[in-house]
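Take a look at the structure set out below.
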Protein chains: 2
Amino acid sequence: MSGAERDDRDARADKRRQRSAGAAETGPTMADLAAIAGVSAITVSRALRDSPLVNPETRARIREIANRHGYAFNISARNLRLRRSMTVAVVVEMTPSPERQMSGAYPLDLLGGITQELTSHGYSVLLTSLQAAATPAVQAADGVILLGQGAHEDAMHEVRSWGRPMVVWGAVSRHESQVVVGSDNRAGGAHVAERFIALGRRHPAFLGDSAHGEFAERHEGFAEALARAGIVSTMATVPAFTVAAGADATRALLHANPGIDAVFAASDLLAIGAVRALVELGRAVPDAVSVAGFDDTLLGATYVPALTSVHQDFVEAGVLLARKVRALIDGDVAQSEMLPTRLVVRAT
Amino acid sequence: MSGAERDDRDARADKRRQRSAGAAETGPTMADLAAIAGVSAITVSRALRDSPLVNPETRARIREIANRHGYAFNISARNLRLRRSMTVAVVVEMTPSPERQMSGAYPLDLLGGITQELTSHGYSVLLTSLQAAATPAVQAADGVILLGQGAHEDAMHEVRSWGRPMVVWGAVSRHESQVVVGSDNRAGGAHVAERFIALGRRHPAFLGDSAHGEFAERHEGFAEALARAGIVSTMATVPAFTVAAGADATRALLHANPGIDAVFAASDLLAIGAVRALVELGRAVPDAVSVAGFDDTLLGATYVPALTSVHQDFVEAGVLLARKVRALIDGDVAQSEMLPTRLVVRAT
DNA sequence: GTGAAAGCGCTAACAA
DNA sequence: TTGTTAGCGCTTTCAC
């Protein structure tokens with residue numbers, strides 16, 4: 001580095017220091033690196049982006065200088081210039097409510113898949129709750145992924161109104177006009193039905209709530225598969241998705257229908273409630289009554305008796321969600337998609 | 001709006017369309033609003049920020065115009081100008097490993113608290129895994145919150161090397177030089193010890209791993225409180241934090257020390273493993289052997305028998321973590337802090 | 001109470 | 001292969 005160049009750089013830095021007294025120390029800019037390397041700023045820009053336009057030697061030299069001077073890329077400047085944020089907002093329901101109790105770490109797996117896929121393609125993941133979603137940063141996101149359990153129609157409309165590419169996690173069949181990624185809830189329900197049939201069960205019941213899109217799909221798959229075998233199932237609606245609610249509903253169910261010999265619960269939490277109530281009522285599980293849950297949670301697998309449950313792959317789902325927003329952002333088309341489910345047979 | 005003004009705005013928009021053909025449609029800018037309102041851009045800027053410098057009527061008018069024209073704030077421009085990102089990166093271990101299995105939704109609660117506190121103060125939450133942490137956006141964050149279980153020394157050093165304000169979730173006593181927020185693990189351990197003592201237990205054991213900072217704290221609090229009562233505890237180290245590992249370690253423990261009459265496991269998962277092994281070995285829980293876990297997970301509370309466990313408030317912890325990075329970012333000081341824990345007595 | 005000027009750091013477009 | 005020019009949209013002086 002020549003003396004003149006150093007002077008140049010120092011002068012710049014001094015100027016900066018002067019202008020914004022007290023502001024955060026900022027490192028060198030591309031212009032600084034350019035001055036040091038004796039090239040123009042645009043060449044630095046190209047070199048750092050591995051543009052084929054720049055001479056390999058020049059690039060190597062610039063790279064080296066950047067490293068040596070601790071150069072930090074200014075992403076705001078790029079985003080301003082490029083008019084995109086390279087950011088995807090993920091809207092999650094994070095506040096657990098009694099009615100929508102978290103049945104495990106599943107959103108975390110979803111988030112893991114999303115983050116993995118997005119960050120490896122240059123995007124950042126902006127985490128928001130629906131309540132705090134209307135911030136400028138979120139509005140500026142290039143795309144939105146909407147997670148959250150339940151009948152989140154409102155959330156969907158709200159987010160859609162932002163006019164950004166959007167992908168939703170949930171019940172595929174319910175939202176034709178959206179790009180939705182979800183598990184094949186129908187097939188999951190059918191798997192359970194088939195198992196109940198194979199076990200010779202004749203009076204199965206479903207524990208859940210049709211207002212919840214994914215639960216409704218599970219019920220449909222279940223009821224249809226049973227119907228094909230000439231079996232009619234009973235529907236028991238729960239007011240909440242907790243163990244206690246599952247137990248209460250099961251007690252009521254058996255009071256009204258003492259002949260029930262199989263229960264398919266829309267979630268593992270409800271299933272555990274069902275097992276608990278059944279045992280209390282003196283019905284042996286699984287000898288007298290079979291039980292199956294949904295989600296294949298650690299909770300269910302660890303419970304005694306270990307719960308038979310329908311497994312879904314949340315990490316894969318997260319990756320898929322991320323891929324689809326990316327496609328949408330790039331102006332490509334994206335289709336809704338269902339991930340396969342499989343029944344994990346355990347003790348119930 | 002006068003014809004001339006409309007022309008102005010349209011001209012601008014046309015120009016924009018021309019320059020960046022195919023680029024994303026961009027809405028009006030402050031300059032556009034200014035032209036429409038017949039004021040200068042800086043007045044619009046001030047009005048939109050509720051600056052007291054601007055006449056209330058002018059402000060109202062500008063606000064209205066902004067709304068009517070669907071004005072969207074450009075956060076990249078502001079950040080570039082202000083030289084900060086108004087962003088906090090949250091580094092989470094999201095990929096569950098056999099050795100560090102997720103024992104519940106706790107990081108989600110932490111994330112919930114963090115997001116709530118941060119977004120309500122104008123910050124965005126940037127979600128990253130440690131693997132993908134070195135992206136420009138993360139590097140540009142105004143602050144970093146490091147989550148993640150276990151002995152994450154490496155992660156800490158890595159993140160600290162970025163030179164950003166940083167706050168860590170974990171074992172407070174282990175990292176004097178960092179700002180750490182954690183539960184009062186020692187007190188938690190002591191609570192369990194006191195209960196075991198009150199129950200008349202004389203041969204208690206700890207199930208965990210001292211290499212894990214938080215676990216070590218739990219053990220210390222436990223052992224010290226017991227020692228004060230003249231009781232010596234046994235330490236059983238587990239190779240992993242899973243139900244199976246907890247069960248194996250418990251079997252080995254009882255083989256070596258048949259007289260064990262109480263087990264304090266460093267996590268609920270391990271505790272469940274302990275209960276399982278004890279029952280298999282014909283030791284009644286809690287009649288012959290008392291068991292306590294840590295985290296007060298849904299998993300433990302739902303298990304049969306319902307697990308006695310030490311509760312920590314993760315949402316509150318998240319809020320605290322967020323508050324401390326904010327303080328650090330603002331150039332204030334922040335101290336490490338421990339959150340109280342409490343013992344939730346259930347069936348074991 | 002309002003405005004003019006200037007520039008944050010980067011990159012597309014168009015030369016050379 | 002490299003450089004010049006210009007400007008993304010915002011806000012901090014400093015002036016009126």
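Keep in mind that the numbers below use all heavy atoms, side chains included, and drop hydrogens, waters and symmetry copies. Letters A, B, ... mirror the listed sequences (proteins, then strands); counts begin at 1.
The minimum heavy-atom distance linking A:A327 with A:A334 is given by the pair CB-CB, 4.4 Å.
Between the CZ atom of B:R78 and the C1' atom of D:dT12 there is a distance of 13 Å, rounded to whole Å. Distance B:M30 CE to D:dT12 P: 11 Å, rounded to the nearest Å. Rounded to whole angstrom, the span from the CG atom of A:L33 across to the P atom of C:dT11 amounts to 12 Å. Between the CG atom of A:N79 and the P atom of C:dT11 there is a distance of 10 Å, given to the nearest Å. A straight line from CZ of A:R83 to P of D:dA6 spans 18 Å, rounded to a whole angstrom. The CG atom of B:L82 sits 9 Å away from the C1' atom of D:dT12 (whole-angstrom rounding). In this structure, CG of B:N74 is placed 17 Å from P of D:dG7, rounded to the nearest angstrom.
Here the side chain of A:L53 is nearest to one of C:dG9, D:dT1, C:dA12, namely D:dT1.
In terms of position along DNA chain C, the nucleotide closest to B:P52 lies nearer the 5' end than the nucleotide closest to the other residue of the pair B:P52 and B:L80.
Note on residues 113-136 of chain B: pairs passing salt bridge (Lys or Arg N to Asp or Glu O under 4.0 Å), not counting sequence neighbours, are B:E117-B:R323, B:E117-B:R326.
Residues forming a side-chain contact (heavy atoms from CB on, under 4.5 Å) with A:A77 (at least two apart in sequence, or on another chain): A:N74, B:L80. Remark: A:T58 engages A:V39, A:T43, A:V54, A:N55, A:R61, A:I62 in a side-chain contact (heavy atoms from CB on, under 4.5 Å) (not counting sequence neighbours). Looking at residues two or more places apart in sequence or on another chain, you find a side-chain contact (heavy atoms from CB on, under 4.5 Å) between B:E64 and B:R68. A:Q139 pairs by the side chain to side chain donor-acceptor pair (under 3.5 Å) definition with nothing, not counting sequence neighbours. Taking the side chain to side chain donor-acceptor pair (under 3.5 Å) definition, one finds that A:D50 meets it with A:R63, sequence neighbours left out. Take B:S85 and apply the side chain to side chain donor-acceptor pair (under 3.5 Å) test, not counting sequence neighbours, and it matches B:D142. Here A:N67 pairs with nothing under the side-chain contact (heavy atoms from CB on, under 4.5 Å) rule; sequence neighbours left out.
Put simply, CE on B:M166 and CD1 on B:I329 are 13.0 Å apart, with the number rounded to the nearest 0.5 Å.
Taking a 4.0 Å limit (strictly below) on heavy-atom distances, residues 39-48 of chain A reaches DNA chain D at A:V39, A:S40, A:I42, A:T43, A:R46. The stretch residues 54-62 of chain A touches DNA chain D through A:V54, A:N55, A:T58, each having a heavy atom under 4.0 angstrom from the strand.
A rotation axis mapping the C1' atoms of four pairs onto the next four is fitted at both ends of the helix from C:dG1-D:dC16 to C:dA16-D:dT1 over five pairs, and the angle between these axes is 30° to 10 degrees.
In this model, the phosphate group of C:dA12 is approached by a side-chain N or O of A:R49 to a distance below 4.0 Å at OP1 or OP2.
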Tabulate below the donor-acceptor pairs under 3.5 Å that side-chain atoms of residues 122-130 of chain B make, not counting sequence neighbours, or state none.
{"from": "B:Y123", "atom 1": "OH", "to": "B:R84", "atom 2": "NH2", "distance (Å)": "2.9"}
{"from": "B:T128", "atom 1": "OG1", "to": "B:V90", "atom 2": "O", "distance (Å)": "3.3"}
{"from": "B:S129", "atom 1": "OG", "to": "B:A132", "atom 2": "N", "distance (Å)": "3.4"}

